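For reference, the structure discussed in these notes is given below.
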There are 2 protein chains.
Amino acid sequence: MAKSYDQYCPVAHALDLVGERWSLLVVRELLEHGPLRYSDLHCRLDGCGTNILASRLRDLERGGVVRRRQLPPPAASTVYELTEYGNELRPVLHQLAHWGARSLGPPSSEDELQPGWLVGALRMAFPAQATEACIEFRIGEETATLDAGDVREEGAEQPDAVVEGDAAAFFRLVVDRDFDTVSIRGSKPAVRALLDTLPPWTAAPLPPVPEPVAAS
Amino acid sequence: MAKSYDQYCPVAHALDLVGERWSLLVVRELLEHGPLRYSDLHCRLDGCGTNILASRLRDLERGGVVRRRQLPPPAASTVYELTEYGNELRPVLHQLAHWGARSLGPPSSEDELQPGWLVGALRMAFPAQATEACIEFRIGEETATLDAGDVREEGAEQPDAVVEGDAAAFFRLVVDRDFDTVSIRGSKPAVRALLDTLPPWTAAPLPPVPEPVAAS
DNA sequence: CCGCATCCCCAAAGATACTG
DNA sequence: CAGTATCTTTGGGGATGCGG
């Protein structure tokens with residue numbers, strides 16, 4: 001565990017709890033997928049050494065963010081899950097994700113979007129009970145439904161609206177509120193209302209093209 | 001600069017930009033105090049080596065979060081300031097600060113609250129135009145005024161309300177919405193309205209007492 | 001196989017000194 | 001003042017081992 005910043009400051013203290021490398025990505029996984037086993041976490045977090053993951057899980061547990069639990073006998077295995085307190089990082093990661101998305105840009109060519117990404121993306125983009133409406137998304141190969149704040153895989157029976165397009169169009173919709181790149185059947189106002197729950201960027205319209213995306 | 005997480009994910013990308021040690025604290029300082037010189041940053045960030053600070057500033061500059069600028073001739077010196085994009089980290093740090101505050105707990109005994117902390121605390125707690133009202137805070141030795149979203153040092157002439165108490169009471173007010181530990185003169189509803197702009201914690205009532213606060 | 005602990009190597013962090 | 005240069009220490013990254 002790294003040294004504490006040792007300042008009486010909410011931000012510094014929060015970073016003492018979840019500011020280390022990989023910590024917030026562990027939280028992200030647990031937020032998106034619920035309780036996970038050690039190995040599931042390990043394979044999802046590519047590049048994170050097994051010792052590091054173990055260390056981070058210990059730290060997060062000590063910090064009251066994550067909790068270990070034994071699954072009931074049928075398939076007894078230990079899983080990691082967020083505590084109540086850890087769950088409240090959702091709005092933080094929500095904000096952070098929207099901030100990051102603006103300079104990340106849309107997926108270049110269906111990058112390595114893993115199967116099931118849409119469900120996680122919706123959960124991250126629209127936390128909690130963003131809307132009462134039932135909206136179905138058909139994005140690329142993926143289909144998911146946002147129903148009264150809950151996200152389900154697969155389509156809906158009586159959706160208020162159906163949003164269709166590719167991943168880049170979905171990106172533009174969520175990040176730039178650009179309606180023109182997706183096709184919307186059904187209640188357009190329902191979709192508009194949903195997007196109005198997103199964090200309103202105070203000013204600056206477009207991403208600053210931060211890096212040449214020089215991957216390691 | 002640390003290795004990129006190298007994932008197509010808004011959170012991972014955001015952490016590539018500001019996830020390294022000290023980075024978000026640099027942003028915090030610039031958010032609270034506006035443009036700062038290198039030395040000012042260095043002395044405010046106790047424990048951050050000069051080489052590290054230089055490195056972080058380079059990274060943040062490359063990431064489009066921070067910008068260098070030469071002050072006009074009278075007192076020509078170079079300062080660091082947030083870009084438009086960097087400024088939009090305010091809601092992120094706002095969320096993170098409120099999350100962290102819940103497990104940080106109130107200042108034990110007027111800890112090392114540096115002079116002027118109240119201004120920064122108000123700016124961090126109530127970002128942007130939280131309220132139209134003008135509310136004066138007299139907390140411990142400090143006095144500051146929140147006026148239509150702007151924070152000024154010193155009191156107001158015609159405040160809608162005056163909030164008075166010690167630092168711990170201020171903490172309880174902002175984190176727990178506990179009105180009983182401070183005294184409020186003037187428009188109580190104005191204060192209540194202000195607190196209603198804070199992030200509503202979904203459930204869990206109280207902090208989980210995460211650590212024995214074993215400082216390094 | 002799952003859940004780590006150990007080992008090794010190297011890249012950052014931390015501290016100090018020094019320079020344009 | 002605004003950093004760079006240098007040195008030591010610590011932690012990350014990758015592989016492997018090992019008990020349950």
Side-chain angles (χ1 to χ4, degrees), chain A residues 1-7 12 15-26 29-30 33 35-62 66-81 214-216, chain B residues 1-7 12 15-26 29-30 35-63 66-81 214-216:
Chain A
M1 184 171 171
K3 257 176 58 177
S4 158
Y5 286 114
D6 203 22
Q7 302 180 7
L15 292 175
D16 282 341
L17 294 177
V18 297
E20 272 173 298
R21 194 161 168 80
W22 295 109
S23 287
L24 276 180
L25 294 188
V26 169
E29 292 303 320
L30 296 179
H33 303 101
L36 288 175
R37 293 176 308 175
Y38 183 91
S39 310
D40 296 332
L41 274 171
H42 180 58
C43 78
R44 285 181 175 282
L45 297 171
D46 192 28
C48 178
T50 154
N51 48 351
I52 310 227
L53 180 56
S55 170
R56 288 302 108 90
L57 285 171
R58 255 194 309 273
D59 296 344
L60 290 172
E61 196 174 358
R62 286 195 11 166
V66 151
R67 180 197 309 141
R68 297 174 46 128
R69 192 163 50 105
Q70 303 289 337
L71 252 44
S77 72
T78 82
V79 291
Y80 291 87
E81 64 184 1
S216 85
Chain B
M1 183 172 172
K3 257 175 57 177
S4 157
Y5 286 114
D6 203 23
Q7 302 180 7
L15 292 175
D16 282 340
L17 293 178
V18 297
E20 273 173 297
R21 193 161 169 81
W22 294 109
S23 287
L24 276 180
L25 293 189
V26 169
E29 292 302 321
L30 295 180
L36 287 175
R37 292 177 307 173
Y38 184 91
S39 310
D40 296 332
L41 275 171
H42 180 57
C43 77
R44 286 182 175 281
L45 297 170
D46 191 29
C48 179
T50 155
N51 47 352
I52 309 228
L53 179 56
S55 169
R56 286 304 106 89
L57 285 172
R58 256 194 308 273
D59 296 345
L60 289 173
E61 196 174 358
R62 287 194 10 163
V66 151
R67 180 197 308 140
R68 298 174 47 128
R69 192 162 51 103
Q70 303 290 337
L71 250 44
S77 72
T78 81
V79 292
Y80 291 87
E81 64 184 0
S216 85

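Per chain, numbering begins at 1; letters A, B, ... match sequence-line order. Everything numeric here is computed off the predicted structure, so don't read it as measured data.
- Rounded to an integer number of Å, the gap from B/D6 CG to D/dG14 P is 11 Å.
- Nucleotide C/dC4 holds its P atom 8 Å from the CG atom of A/L57, rounded to whole Å.
- At distances below 3.5 Å, not a single donor-acceptor pair connects side-chain atoms of B/R21 with backbone N or O atoms of A/E20.
- From one end of the helix from C/dC1-D/dG20 to C/dG20-D/dC1 to the other, with five pairs defining each end axis, the axis direction shifts by 30° (rounded to 10°).
- Taking both residues in full, the closest heavy atoms of A/L30 and A/Y80 are given as CD2-O, 3.5 Å, listed atom of the first, atom of the second, then distance.
- Remark: P of D/dA15 and CG of A/L53 are 16 Å apart, rounded to the nearest angstrom.
- With rounding to whole Å, B/Q70 atom CD is found 16 Å from D/dC1 atom P.
- Atom CG of A/D46 is separated from atom C1' of D/dG14 by 12 Å (rounded to the nearest Å).
- Heavy-atom minimum distance, A/A12 versus A/Y5: O-CD1, 3.8 Å.
- Proximity of A/R37 to the phosphate of C/dC4: no side-chain N or O atom is located under 4.0 Å from OP1 or OP2.
- Looking only at atom types and distance, the side chain of B/Y38 has no donor-acceptor partner in the side chain of B/S77 under 3.5 Å away.
- With C/dC4, C/dG3, D/dC1 as the choices, the nucleotide that has an atom nearest any side-chain atom of A/A54 turns out to be C/dC4.
- Put simply, CG on A/D40 is 13 Å from P on C/dC4, counting in whole angstrom units.
- Ion pairing between a basic and an acidic side chain is recognised when a charged N comes within 4.0 Å of a carboxylate O; B/R62 and B/D59 show no such pairing.
- Summarising the geometry of A/C48 relative to A/H42, their closest heavy-atom pair is O-CE1, 3.2 Å, with the distance given to 0.1 Å.
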Taking protein heavy atoms under 4.0 Å as touching, what does nucleotides 7-20 of chain C look like 5' to 3' if B marks base contact, S marks sugar-phosphate-only contact and - marks none? B----SSBBBB---
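- Between C/dC2, D/dT4, D/dG3, one nucleotide has an atom nearer to the side chain of B/Y80 than all others, and that is D/dG3.
- Phosphate contact (OP1/OP2 of D/dC1, side-chain N/O of B/S77, threshold under 4.0 Å): absent.
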Passes side-chain contact (heavy atoms from CB on, under 4.5 Å), A/R44 versus A/H33? Steps please. CA-CA 11 Å; A/R44 285 181 175 282; A/H33 303 101; 3.5 Å; yes
CA sep, side-chain torsions, deciding dist, call: B/L45, B/E29, side-chain contact (heavy atoms from CB on, under 4.5 Å): CA-CA 9 Å; B/L45 297 170; B/E29 292 302 321; 4.0 Å; yes
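- Contact check on A/R67 versus A/E61 returns no salt bridge, with no Lys/Arg side-chain nitrogen under 4.0 Å from an Asp/Glu carboxylate oxygen.
- For B/R58 and D/dT4, the shortest distance from a side-chain N or O to OP1 or OP2 is below 4.0 Å.
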